[in-house]
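In what follows, chains are A, B, ... by sequence order, proteins preceding strands, each numbered from 1.
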Number of protein chains: 2
Amino acid sequence: MMARPKSFDEDKVLDAAIDCFSRNGLKSASIRDLADEMGIAGPSLYNAYGCKRALFVKALARYADAAVRAKLAALERAHPAPGAIAAFFAETISDALAGPEARGCMIVNTAMEADPRDAELSALVSGYLGEIQEFFVRNLTAARAASLIPGDLDIEDASRLFVGLLLGLGVLARARPERALLEATVRPALALLETAPRSRRRGLS
Amino acid sequence: MMARPKSFDEDKVLDAAIDCFSRNGLKSASIRDLADEMGIAGPSLYNAYGCKRALFVKALARYADAAVRAKLAALERAHPAPGAIAAFFAETISDALAGPEARGCMIVNTAMEADPRDAELSALVSGYLGEIQEFFVRNLTAARAASLIPGDLDIEDASRLFVGLLLGLGVLARARPERALLEATVRPALALLETAPRSRRRGLS
DNA sequence: TCAGTTCTATAGCGCTCGCTCAAAAACCGG
DNA sequence: CCGGTTTTTGAGCGAGCGCTATAGAACTGA
């Protein structure tokens, strides 16, 4: 039997939850905040998702899929290797500076907020970070095959540096959301991809 | 008049507060948690510090002074430029992995947790990060004067990269506290400091 | 000794939290 | 239309939160 259908669009309320969680985090986003922004009442939220944490996991999964994976795929389509890497950071910086609100990347936020002994969230975060790292590895591997990056650059290590830098940008963008600063932070890392002669442009105090 | 003296050692209780805040953050560390770990009762805490936030600011200041500044100074004393930079990251990684608890660097934690519109905490975090950046700048400047790093390396940008990487390590160490992974993340950034011939050692899958 | 001052300790205030119960409302199949 | 199922709704529970009122304990100066 079908009975009464839900009165809200599941994707839209999940997007609202993503927004609320991104701004406040899992712990600080209250059920009442969430329900308000999602446009539904508390008990409906519980009826649909069970508990706050389950809602968070669903929102995180949707964020990873709709925001992260889609972005990575689009960048790989639009830029020949290794250009997608620089484009990725440029877009990440623009995203971090978009809007007056302190949104931040939900994956970075979760990595910081989750207790490392929380096996479920830790595994999710590790998995998502691994996907991002693989994006870097794919790009670097293709670039090396075309001799577009230095031959002695260790792809595995470099991709880890980029992941670490991505996380650092997420933190830095909260403390100091200034475009020039964030771009300067990324620049030396991208210089690693330049083939000799090493032309690392100076810039910006 | 002097009246009844305090029955606790202010430094010791502040250290306990640093520990509690480092593990739980400003918002999640409750007054009862703090009071318990500090070994004093709630009202004594309020009598001594006024409010939770003021206690946090005092604890953060002590952390920055006793943990960060002292560490930077010791490294600069112990290592000729630019070796202090690599030593700094090595020590940071070891610190992050020390103990089963999820302590994390209080400055990184605060940078993530504080609302960017919170002027006081944002300014404190920016200031502390600036001090760390200056440590990198000093080291790089001295190293350049001795021709120990590539001459075309932009010192300002590189020091920002190191700060960003430090923040990233703080996040990554929570999600994946594995020494080999953290070291591999730092390695390509330190390779920027090597003078030609560029020998970036491969390593670690 | 004892008034004066400061610190400590018990209890608890008002509030928000995650979550739930009971009843009303909306929809389906027949 | 109606029985059955699900969703929505308003109210509220117990717990924990930051913080404090109040009273007693500890110490100083005189």
Near-strand residues of residues 45-59 of chain B, defined as heavy-atom separation under 4.0 angstrom from DNA chain D: B:Tyr46, B:Cys51, B:Lys52
- prompt: What does B:Ala35 touch in the nucleic acid at a heavy-atom separation under 4.0 angstrom: a base, only the sugar-phosphate, or nothing?
  reply: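 Nothing, no nucleic acid heavy atom in range.
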field: Length of the line joining B:Phe8:CZ and C:dT6:P, which is rounded to integer Å
entry: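 That distance rounds to 15 Å.
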message: Looking at A:Ser7, I'd like to know whether one of its side-chain N or O atoms comes within less than 4.0 Å of OP1 or OP2 on D:dT8.
response: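 Result: yes.
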query: With sequence neighbours excluded, what pairs up with B:Asp33 under the salt bridge (charged side-chain N to carboxylate O under 4.0 Å, His left out) test?
result: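 Expected list: none.
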- request: With sequence neighbours left out, write down each residue that passes ring pair (Phe, Tyr, Trp, His ring centres under 6.0 Å) with B:Tyr128, or none if nothing qualifies.
  value: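 With sequence neighbours excluded, B:Tyr128 shows a ring pair (Phe, Tyr, Trp, His ring centres under 6.0 Å) to no residue whatsoever.
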message: Quick test of your reading: applying side chain to side chain donor-acceptor pair (under 3.5 Å), list the pairs with at least one residue in residues 170-182 of chain A, sequence neighbours left out, ordered by first then second residue.
response: A:Ser94-A:Arg179, A:Arg176-A:Glu178, A:Arg179-A:Glu183
Restricting to nitrogen or oxygen on both sides, can you table the protein-nucleotides 22-26 of chain D pairs closer than 3.5 Å?
from, atom 1, to, atom 2, distance (Å)
D:dA25, N3, B:Arg4, NH1, 2.9
D:dA26, O4', B:Arg4, NE, 3.3
D:dA26, O4', B:Arg4, NH1, 3.3

query: Expressed in angstrom and rounded to an integer, what is the separation of A:Leu26 atom CG from C:dC17 atom C1'?
result: 13 Å
Salt-bridge present (B:Asp11, B:Arg62; N to O < 4.0 Å):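 The answer is yes: the pair qualifies as a salt bridge.
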task: Could you check how far CD1 of B:Ile31 sits from P of C:dA11, rounded to whole Å?
output: 20 Å
- prompt: Residues in side chain to side chain contact (heavy atoms under 4.5 Å, CB included) with A:Ser22, at least two apart?
  reply: A:Ile18, A:Arg103, A:Met106
- prompt: In chain order, what residues pass the side chain to side chain contact (heavy atoms under 4.5 Å, CB included) check against B:Glu37, with sequence neighbours excluded?
  reply: B:Asp19, B:Cys20, B:Arg23
message: My understanding is that only residues two or more places apart in sequence, or in another chain, count here; which of them pass salt bridge (charged side-chain N to carboxylate O under 4.0 Å, His left out) with B:Asp36?
response: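 With neighbours one apart ignored, the set is empty.
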- request: Tell me, please, which residues at least two apart from A:Phe56 pass ring pair (Phe, Tyr, Trp, His ring centres under 6.0 Å).
  value: A:Phe21
query: Can you name the residues that form a side chain to side chain contact (heavy atoms under 4.5 Å, CB included) with A:Arg138, not counting sequence neighbours?
result: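 Side chain to side chain contact (heavy atoms under 4.5 Å, CB included) check on A:Arg138 returns A:Glu76, A:Glu134, A:Phe135.
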Non-neighbouring partners of B:Tyr46 that pass ring pair (Phe, Tyr, Trp, His ring centres under 6.0 Å), sequence neighbours left out: none
Polar atoms only, N or O, under 3.5 Å: list the protein pairs with nucleotides 13-16 of chain D and their distances.
none

